[in-house]
Participant: 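I have a structure I would like to understand better, so I am pasting it below and will then ask my questions one at a time.
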Amino acid sequence: MDYSQMIDRGDPTPLYAQHKNALQEQIRTGALPYGEKLPSENEFMEQLGLSRMTIRSALSQLANENYVQKIHGKGTFVCYNTA
């Protein structure tokens with residue numbers, strides 16, 4: 001999946017919120033289905049040109065809202081079921 005279009009640096013919305021909102025929308029619409037493994041923080045950093053703190057903040061908020069689950073040593077997975 002191409003994540004490079006998630007961020008609009010001209011948008012006044014904070015970058016972490018843009019990243020979170022884009023992932024959340026993809027999860028809600030099923031573009032990122034239940035059980036899908038998301039790219040690592042390093043992969044997101046490389047693809048989006050964002051800091052680890054920004055990526056981590058977006059993913060943490062998604063985890064708090066039960067859209068994703070972080071499994072230490074395994075990765076971050078979609079846990080929101082659209083069905």
Participant: For L50 versus R9, what's the shortest heavy-atom pair and its separation?
Facilitator: CD2-NH1, 3.7 Å

Participant: Verify whether one side chain among T13 and D11 offers a donor that lies under 3.5 Å from an acceptor in the other.
Facilitator: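 Distance-only check passes for T13 and D11.
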
Participant: Is there side-chain contact between T54 and H19, with at least one heavy-atom pair below 4.5 Å?
Facilitator: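 They are not in side-chain contact.
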
Participant: If I take atom CG from residue L15 and atom CE from residue M53, how far apart are they, to the nearest 0.5 angstrom?
Facilitator: 13.5 Å

Participant: Any donor-acceptor pair under 3.5 Å linking the side chain of E41 with the backbone of R56?
Facilitator: no

Participant: Hey, does F44 have a side-chain heavy atom less than 4.5 Å from the side chain of L23?
Facilitator: yes

Participant: Is it true that Y16 and M6 fall in one hydrophobic cluster, defined by side-chain heavy atoms closer than 4.5 Å?
Facilitator: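 Each belongs to a different hydrophobic cluster.
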
Participant: Quiz question: by atom type and distance under 3.5 Å, do the side chains of K20 and S57 form a donor-acceptor pair?
Facilitator: no

Participant: Can you measure from SG (C79) to CG (L62) and round to the nearest 0.5 angstrom?
Facilitator: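 Reported to 0.5 Å precision, the distance equals 9.5 Å.
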
Participant: Between K37 and K74 (side chain of the first, backbone of the second, donor and acceptor by atom type, cut-off under 3.5 Å), is there such a pair?
Facilitator: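 It does hold such a pair.
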
Participant: Hey, is CD on E46 packed in by over 12 heavy atoms from elsewhere, all under 6.0 Å?
Facilitator: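 No, because the 6.0 Å sphere around CD of E46 holds 12 heavy atoms or fewer from other groups.
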
Participant: Quick one: do L48 and I55 satisfy side chain to side chain contact (heavy atoms under 4.5 Å, CB included)? Show the steps, please.
Facilitator: CA-CA 9 Å; L48 301 173; I55 300 297; 4.2 Å; yes

Participant: Distance from L38 atom CG to L59 atom CG, nearest 0.5 Å?
Facilitator: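 Rounded to the nearest 0.5 Å, the CG-CG separation comes out at 6.5 Å.
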
Participant: Rounded to the nearest 0.5 Å, what separates atom CD in Q47 from atom CD1 in I7?
Facilitator: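 Atom-to-atom, Q47:CD and I7:CD1 are 11.5 Å apart.
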
Participant: Under 3.5 Å, side chain of E43 to main-chain N/O of S40, donor-acceptor pair present?
Facilitator: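 At least one qualifying donor-acceptor pair exists.
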
Participant: Just say parallel, tilted or perpendicular for the rings of Y67 and Y80, cut-offs at 30° and 60°.
Facilitator: parallel

